[in-house]
Amino acid sequence: MHSVRKVTEDLYWVGANDHRLALFENIHPISRGVSYNAYLLLDEKKVLFDTVDWSACRQLLENIEYLLEGNQLDYLVINHMEPDHGACIEEILVRYPDVKVISTEKAFMLMRQFGFEIEGHELIEVAEGDTFSFGGHTVTFVAAPMVHWPEAMVTYDTTNGVLFSADAFGSFGALDGKLFNDEVDFKGDYWLNDARRYYTNIVGKYGAHTSALLKKASTVDIKIVCPLHGPVWRNDLAWFIDKYVHWATYEPEEKGVMIAYATMYGNTESAAQALAAKLCERGVTNVVVYDVSNTHVSTLISETFRLSHVVLASVTYNLGIYPIMHNYLMDMKALNLQNRTFAIVENGSWACKSGDLMQKFIDEELKNMTVLNERLSLASALLPDKESELDALADSIRDSINGVE
Ligand code: FEO
């Protein structure tokens with residue numbers, strides 16, 4: 001059965017939702033599912049923008065067949081050929097052998113690399129600034145390298161201001177019938193958090209490239225944004241762009257403290273909670289506390305992009321940083337995270353090493369980070385004789401948050 005939504009007078013969402021996939025890219029949990037968005041333009045020419053994951057191919061085909069009403073599909077525009085969007089290219093070519101495929105040189109190269117049977121079909125290679133008319137609609141193609149793969153482009157419909165934005169402005173979370181940003185509570189707990197977790201973990205490393213795309217986007221009048229995942233944006237776009245500006249430039253969205261702790265028997269956890277209470281007593285109430293062992297690293301990364309201050313509280317393990325905490329730090333490095341202020345809590349029963357090692361990692365492996373001088377150093381547990389050190393650490397974080405040198 002088809003399941004489509006109208007975006008504009010002659011543009012339809014023809015994608016699909018997936019609640020069965022547990023891990024996006026086989027790594028990031030998606031408890032609310034994900035949507036694979038594709039769009040069909042019914043102009044003089046019939047144009048499909050991108051496809052969907054292989055698991056949703058049948059739904060895409062039913063949606064297209066329903067809307068085409070027996071007409072031929074004329075063009076397939078591939079903005080991004082990663083398999084969650086490009087997996088059905090071959091099947092579209094089998095069903096509609098006369099369709100002409102429009103994409104970038106690199107995308108065609110990748111299609112061949114993945115073994116797609118594209119030879120014998122008309123392949124139209126486009127580059128930055130090329131335009132194409134489908135009848136009433138004229139589009140221009142804009143290169144978007146590394147947002148999120150090197151072959152990516154976005155397509156701007158100059159006729160009505162629709163931007164097919166590929167992975168940009170996407171989000172985890174299945175649409176479940178809703179389509180537009182104003183049909184969901186995007187600013188509530190779920191959508192914004194999932195959009196941030198999606199961007200920061202999937203595209204976060206490529207902030208400079210995202211900034212370059214945002215700069216290009218600022219030169220045209222965008223009315224509607226059609227991403228490849230999550231809601232279509234038809235209003236309040238400036239609010240979402242502002243989030244992207246923060247993420248792409250690695251600037252925190254909020255002044256606040258994330259306490260990430262690694263504990264074995266609960267003693268480092270107890271210190272993390274005591275510090276959270278001390279901060280709140282000092283008026284710093286935008287505080288979140290995460291156990292790195294039971295919080296997926298994609299959430300830790302997302303929250304680190306959101307907040308200005310991070311407390312790393314880690315037990316020493318095999319004379320090193322607790323492995324899961326170390327993995328979190330490695331992810332920060334991999335995603336190019338910058339411009340945060342850190343405080344350190346270390347613990348070790350006989351050879352406390354984790355503090356120095358975390359400091360060394362921050363200083364040598366990460367960019368543009370600050371580590372506060374005050375450190376809480378524990379030998380097994382937080383005992384009353386350490387309260388003055390805890391107070392000094394809380395004071396230091398408060399002063400840093402408040403901009404007091
Ligand atoms: Fe949703 Fe980069 O693919």
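As the structure lists them, so they are numbered: ligands from 1, and atoms in each ligand from 1. Residues: numbered from 1 along the sequence shown.
Considering Tyr198, Tyr199, Tyr206 as possible partners of Trp247, the one that fulfils the ring pair (Phe, Tyr, Trp, His ring centres under 6.0 Å) test is Tyr199.
A salt bridge between Asp391 and Arg282 is present, with a side-chain N of the basic residue lying under 4.0 Å from a carboxylate O of the acidic one.
The ND1 atom of His148, atom 2 (Fe) of ligand 1 and the OD2 atom of Asp167 define an angle of 90° (nearest 10 degrees).
Of the N and O atoms on the side chains of Trp191 and Asp185, not one donor lies less than 3.5 Å from an acceptor on the other residue. Using modelled atom types and a 3.5 Å distance limit, the side chains of Asn286 and Glu254 yield a donor-acceptor pair.
Closest approach between atom 1 (Fe) of ligand 1 and any N/O/S atom of Asp84 involves OD2. Taking atom 2 (Fe) of ligand 1 as reference, the nearest N/O/S atom within Glu82 carries the name OE1. Its N, O or S atom nearest to atom 1 (Fe) of ligand 1 is what matters here, and for His85 that atom is NE2.
Within the coordination shell of atom 1 (Fe) of ligand 1, defined by N, O or S atoms under 2.8 Å, His80 is absent.
Taking the six-membered ring for Trp and the full ring otherwise, the centers of His85 and His229 sit less than 6.0 Å from each other.
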